[in-house]
Number of protein chains: 2
Amino acid sequence: MTISDVARAAGVSVATVSKVVNNRYGVSPATAERVLGVVAELGYESSLVARSLRQRSTNVVGVLVAGFEPYSTELLKGISSAVEGTGYELLAYSGGSDGGSMVGWERRSLSRLAGTLIDAAIVVTPTLVLTEAQGIPVVAIDPHTGPEGTPTVDSDNTSGAREAVEHLIGLGHRRIAHLGGRTDLESARLRELGYRQALAAAGIEVDPGWVRVGGYWPETADAPARELLDPPSGERPTAVFAANDQSAIHVLEVAAEKGLRVPEDLSVVGFDDIPESASCTPPLTTVAQPLHRMGAEALRMVLDLLQGTPREQHLRLPTSLVVRSSTGPAPSPR
Amino acid sequence: MTISDVARAAGVSVATVSKVVNNRYGVSPATAERVLGVVAELGYESSLVARSLRQRSTNVVGVLVAGFEPYSTELLKGISSAVEGTGYELLAYSGGSDGGSMVGWERRSLSRLAGTLIDAAIVVTPTLVLTEAQGIPVVAIDPHTGPEGTPTVDSDNTSGAREAVEHLIGLGHRRIAHLGGRTDLESARLRELGYRQALAAAGIEVDPGWVRVGGYWPETADAPARELLDPPSGERPTAVFAANDQSAIHVLEVAAEKGLRVPEDLSVVGFDDIPESASCTPPLTTVAQPLHRMGAEALRMVLDLLQGTPREQHLRLPTSLVVRSSTGPAPSPR
DNA sequence: TTGAAAGCGCTAACAT
DNA sequence: ATGTTAGCGCTTTCAA
């Protein structure tokens with residue numbers, strides 16, 4: 001079903017059909033009506049691809065993600081509700097989640113879509129600096145680096161992490177481990193920084209063996225979580241601050257498997273406050289990022305950029321501690 | 001950054017560049033190496049749009065949704081994990097969520113993307129029968145009609161609803177209202193059917209004023225929810241079975257606003273078991289649909305279709321009741 | 001081994 | 001008011 005089919009059926013040229021469906025001037029009412037009739041009858045709809053190849057703008061904003069997991073989908077919800085009424089449509093593209101060359105997925109996806117399919121892009125957790133080279137406005141959420149280059153939206157990772165660890169210290173914990181995030185993400189670095197700051201402020205020394213790389217994913221967090229809960233030598237920590245909810249939830253699972261009671265034997269704190277953190281067992285104490293709002297603000301920024309009225313370059317939103325049932329008083333020393 | 005830029009920089013024709021980047025035969029190692037060097041240097045990546053206009057297949061599966069809300073994003077998570085390792089990429093397109101002509105969004109989106117951008121599509125909650133006319137494999141999740149035409153994935157709405165209402169009856173409730181879903185969706189019809197079946201089996205008559213259309217969305221559920229909880233005449237129900245979690249959660253909010261205690265004064269049951277249903281106050285008793293699995297199965301089906309090895313046409317997955325804190329014994333009659 | 005040229009579906013400038 | 005034509009970036013014959 002192409003424009004030529006319509007043209008043939010209506011007995012006019014493709015140019016005329018194009019004019020009719022795009023409401024251009026220079027077509028007689030009679031012809032327009034006839035063409036519209038054929039369009040309706042055949043159920044013709046112009047191909048986004050062909051149209052965008054030819055035209056400058058598509059009215060589509062791209063959301064580039066590495067995969068659809070709880071973090072990116074929460075952002076997507078915020079972006080989606082913010083796009084309502086703006087006249088733009090959303091296209092979420094998951095490139096590079098697939099095996100092979102995950103590195104640089106954001107640049108690849110951007111190159112493949114920019115300039116043609118999408119007018120602007122929101123990139124979720126890019127791991128490298130996005131050059132503006134693609135020629136379209138780009139906003140990064142939770143970027144690799146601190147503010148530089150592309151406009152960004154993130155939350156106050158350091159202070160959020162500090163608050164989480166202060167909460168544990170306030171409960172009497174002294175042996176607090178950290179299951180870190182992805183080393184290639186600024187957020188992970190900042191959360192570890194907050195962890196260290198809180199411990200330093202309380203005069204607690206950090207045991208080097210209690211800081212592990214968890215990689216933000218359940219799979220990558222598995223081995224380090226087991227090492228933390230089953231230390232080959234030395235004492236087990238009484239609390240774990242995980243760099244995100246997905247790995248915190250995995251810690252919960254490993255703990256259950258090992259017969260550790262949470263929070264009696266072990267307290268666990270996460271980061272992000274994805275919906276799943278409220279429904280795991282026990283419900284997770286975590287540092288909430290305003291994910292919906294971050295998504296909505298990113299969309300607003302990217303549309304501002306598109307309309308040439310950029311406001312701020314970098315937006316940092318506050319976090320808040322949500323205390324649920326995975327944290328409790330430190331067990332008394334044996 | 002187009003293929004011509006690369007060709008010019010490498011001093012070859014665009015055809016040669018195309019051959020090199022697509023690993024076609026008939027290009028000398030020396031030339032190939034030089035071109036690859038330029039490609040790497042310039043960071044060239046072929047445009048998905050131009051490429052898909054010319055080629056038959058794109059290795060991209062489209063997921064067509066009306067918007068990114070908890071239901072569709074849960075499916076997306078399941079689809080996304082299932083796509084891993086298949087060599088396909090995912091493109092989630094939200095058309096028609098925007099004001100105007102929401103009706104027929106799925107056919108519009110399908111026409112715009114099929115045949116060019118995507119090789120196959122999963123359509124979430126289509127409201128009309130999808131004709132196969134677009135020429136690509138399509139699987140519908142939670143479709144408008146029962147099994148017919150396109151392959152579908154859904155869950156056992158009727159028995160799930162029955163179970164929910166039986167749970168309420170078992171708690172002593174007799175005055176049970178139903179906040180229905182979207183009248184244009186088969187799932188809503190089946191859930192109401194289950195509601196009526198359970199009441200009929202218990203010999204309880206349905207008060208016509210206690211069955212309202214809620215439309216699945218918080219906004220559309222607002223007015224009917226208020227009417228249910230504040231009946232202009234007659235008695236207030238002691239329990240509400242809402243057709244999905246989003247409207248059930250809204251009932252919780254309206255109840256809180258009116259000073260009704262849940263579950264002491266009012267029991268509420270939802271449907272879907274989206275993550276949010278565990279984190280609302282109080283946590284919601286609901287009928288769980290296996291959303292991740294439904295998404296994963298839909299992807300499997302659509303890939304089977306693509307490879308010409310279709311297995312089943314219609315897959316119906318079982319639901320299960322998740323009892324949380326929003327349901328309790330019926331209040332004793334005044 | 002390489003390049004010229006056609007064409008995918010569409011829009012826009014131009015000609016009739 | 002309508003049609004002809006060129007061209008968006010790319011792949012694919014086909015000819016050199």
Side-chain angles (χ1 to χ4, degrees), chain A residues 1-36 38-39 42-60 110-119 134-136, chain B residues 1-36 38-39 42-60 110-119 134-136:
Chain A
M1 188 49 43
T2 76
I3 197 174
S4 326
D5 298 326
V6 176
R8 200 173 313 115
V12 295
S13 71
V14 296
T16 302
V17 177
S18 176
K19 281 172 196 156
V20 170
V21 301
N22 291 295
N23 278 314
R24 297 277 177 278
Y25 297 113
V27 62
S28 80
T31 312
E33 197 184 344
R34 181 157 40 96
V35 171
L36 252 15
V38 174
V39 165
L42 267 50
Y44 165 77
E45 199 74 36
S46 75
S47 156
L48 218 209
V49 166
R51 158 183 291 233
S52 59
L53 187 56
R54 195 64 177 77
Q55 281 191 158
R56 194 65 148 328
S57 84
T58 56
N59 268 19
V60 176
L110 213 41
S111 298
R112 290 168 68 86
L113 304 181
T116 41
L117 238 206
I118 58 180
D119 292 350
Q134 322 299 348
I136 63 168
Chain B
M1 186 50 42
T2 75
I3 197 174
S4 326
D5 297 325
V6 176
R8 200 173 312 115
V12 295
S13 72
V14 296
T16 302
V17 177
S18 175
K19 282 171 194 155
V20 170
V21 301
N22 292 295
N23 278 316
R24 297 277 177 277
Y25 296 113
V27 80
S28 78
T31 312
E33 195 182 348
R34 181 157 40 93
V35 171
L36 252 15
V38 174
V39 165
L42 267 50
Y44 166 77
E45 199 72 38
S46 76
S47 155
L48 218 209
V49 166
R51 159 183 290 233
S52 59
L53 187 57
R54 194 64 175 78
Q55 281 190 158
R56 202 40 159 341
S57 85
T58 55
N59 269 20
V60 176
L110 211 43
S111 297
R112 291 168 66 86
L113 304 181
T116 40
L117 237 207
I118 58 181
D119 291 352
Q134 323 298 348
I136 63 168

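Each chain gets a letter, A, B and so on, in the order its sequence line appears, and its residues count up from 1.
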To the nearest 0.5 Å, tell me how far [X] [atom1] sits from [Y] [atom2].
| X | Y | atom1 | atom2 | answer |
| --- | --- | --- | --- | --- |
| A:L110 | A:I118 | CG | CD1 | 6.0 Å |
| B:R112 | A:S46 | CZ | OG | 5.0 Å |
| A:L53 | B:T116 | CG | OG1 | 11.0 Å |

Shortest non-hydrogen contact between [X] and [Y], atoms and distance:
| X | Y | value |
| --- | --- | --- |
| B:N22 | B:R51 | OD1-NH2, 3.1 Å |
| A:A9 | A:V38 | CB-CG1, 3.7 Å |
| B:V14 | B:I3 | O-CD1, 3.6 Å |
| B:S13 | B:A7 | C-CB, 3.7 Å |
| B:G43 | A:S111 | O-OG, 4.1 Å |
| B:Y44 | B:T2 | CE1-C, 3.6 Å |

**OP:** Might you work through the side-chain contact (heavy atoms from CB on, under 4.5 Å) test for A:I136 and A:D119, ending with a clear yes or no?
**Re:** CA-CA 6 Å; A:I136 63 168; A:D119 292 350; over 6 Å; no
Original post:
Which part of the nucleic acid does A:Y25 contact within heavy-atom distance under 4.0 Å: base, sugar-phosphate only, or nothing?
Top reply: nothing
Subject >> Nucleotide interval of DNA chain D bounded by contacts with chain A (heavy-atom cut-off, under 4.0 Å) >> reply: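 First and last nucleotides in contact are D:dA1 to D:dG9.
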Original post:
Do any N or O atoms from the side chain of B:T58 and from the backbone of B:L117 form a donor-acceptor pair under 3.5 angstrom?
Top reply: yes
Original post:
Under 3.5 Å, side chain of B:R34 to main-chain N/O of B:A10, donor-acceptor pair present?
Top reply: yes
**OP:** Can you sort out which residues in residues 26-34 of chain A have a heavy atom within less than 4.0 Å of DNA chain C? Ascending by number, please.
**Re:** none
Original post:
Does any residue of residues 8-18 of chain A have a heavy atom under 4.0 Å from DNA chain C, and if so, which ones, in number order?
Top reply: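 Contacting residues: A:A15, A:S18.
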**OP:** Could you list where the contact with chain B starts and ends along DNA chain C, reading 5' to 3', using a 4.0 Å heavy-atom cut-off?
**Re:** C:dT1 to C:dG9
Subject >> Stepwise side-chain contact (heavy atoms from CB on, under 4.5 Å) check, A:V27 with A:T16 >> reply: CA-CA 7 Å; A:V27 62; A:T16 302; 3.9 Å; yes
Subject >> Angle of first-five versus last-five pair axes in the helix from C:dT1-D:dA16 to C:dT16-D:dA1, to 10 degrees >> reply: 50°
Subject >> All salt bridge (charged side-chain N to carboxylate O under 4.0 Å, His left out) counterparts of A:R8, not counting sequence neighbours >> reply: A:D5
